[in-house]
Amino acid sequence: MAKRSKATARKKKTWKELSPMAKFGTITAAVVQLSLLVAAQRDISRRPAEEIRGSKALWRAATLINFVGPGTYFTFGVKRHPAAK
């Protein structure tokens, strides 16, 4: 394994070192992620098992994956009823 030179090593920035826009973006992403997680978990709790594809326990675990989990649940996990005419 080759050693990295000091010039190429990347230092992680602390919160204080981030720009105001970077802080805003981080907080916004966190709020969106938490909102999606809460919405998915609440929907799983309230929706009957017959209206969910697969196991509720597996979907609960899947929704813990950032952004992808809740999006996947709402896209593929919820059975859709055909529109009434």
Side-chain angles (χ1 to χ4, degrees):
M1 185 175 216
K3 283 187 169 182
R4 282 197 233 169
S5 69
K6 289 183 181 181
T8 61
R10 287 177 46 182
K11 178 183 169 251
K12 290 186 178 182
K13 290 185 176 183
T14 64
W15 184 255
K16 290 180 180 180
E17 294 173 331
L18 291 176
S19 70
M21 284 303 292
K23 288 180 183 180
F24 176 77
T26 302
I27 292 170
T28 302
V31 167
V32 169
Q33 168 58 34
L34 287 173
S35 298
L36 287 170
L37 174 63
V38 168
Q41 292 287 333
R42 179 176 266 178
D43 188 77
I44 292 168
S45 295
R46 294 180 177 182
R47 189 176 298 274
E50 303 82 44
E51 294 182 16
I52 296 176
R53 289 187 180 99
S55 163
K56 279 188 166 189
L58 288 176
W59 280 115
R60 282 195 181 281
T63 59
L64 297 175
I65 301 170
N66 292 343
F67 296 103
V68 175
T72 303
Y73 167 70
F74 286 120
T75 303
F76 301 110
V78 178
K79 291 181 181 176
R80 303 285 179 215
H81 300 291
K85 288 185 178 181

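In this chain, numbering begins with 1 at the start of the sequence shown. If you're wondering where the values come from, they're calculated on a predicted model, not measured in any experiment.
Not a single side-chain hydrogen bond (donor to acceptor under 3.5 Å, both in side chains) links Thr14 to another residue, sequence neighbours left out. Looking at residues two or more places apart in sequence or on another chain, you find a side-chain hydrogen bond (donor to acceptor under 3.5 Å, both in side chains) between Glu51 and Arg47.
Note on Leu34 and Tyr73: separate hydrophobic clusters, where clusters join Ile, Leu, Val, Met, Phe, Trp and Tyr whose side-chain heavy atoms are under 4.5 Å apart, directly or indirectly. Put simply, Phe24 and Leu18 are part of two different groups of oily side chains (I, L, V, M, F, W, Y) that touch within less than 4.5 Å, one to the next. At a threshold of 4.5 Å between side-chain heavy atoms, the hydrophobic network of Ile, Leu, Val, Met, Phe, Trp and Tyr places Leu37 and Ile44 in two separate groups.
The OG1 atom of Thr63 sits 14.0 Å away from the CZ atom of Arg42 when rounded to the nearest 0.5 Å. Of the inter-residue distances, the one linking Asp43 atom CG with Lys56 atom NZ reads 9.0 Å to the nearest 0.5 angstrom.
When all heavy atoms are compared, the tightest approach of Ser45 to Arg60 is OG-NH2, 2.5 Å. Here the closest non-hydrogen pair linking Glu17 and Lys12 is OE1-O, 4.1 Å. Taking every heavy atom of both residues into account, Trp59 and Phe76 meet most closely at CZ2-C, 4.3 Å.
The local environment of NZ in Lys13 is sparse, with at most 12 non-hydrogen atoms from other residues, nucleotides or ligands closer than 6.0 Å.
Using a distance-only test at 3.5 Å, with no hydrogens or angles considered, no donor-acceptor pair links the side chain of Trp15 to the main chain of Lys23.
Grouping Ile, Leu, Val, Met, Phe, Trp and Tyr residues whose side-chain heavy atoms lie under 4.5 Å apart, directly or via other members, places Phe67 in a hydrophobic cluster with Val32, Leu36.
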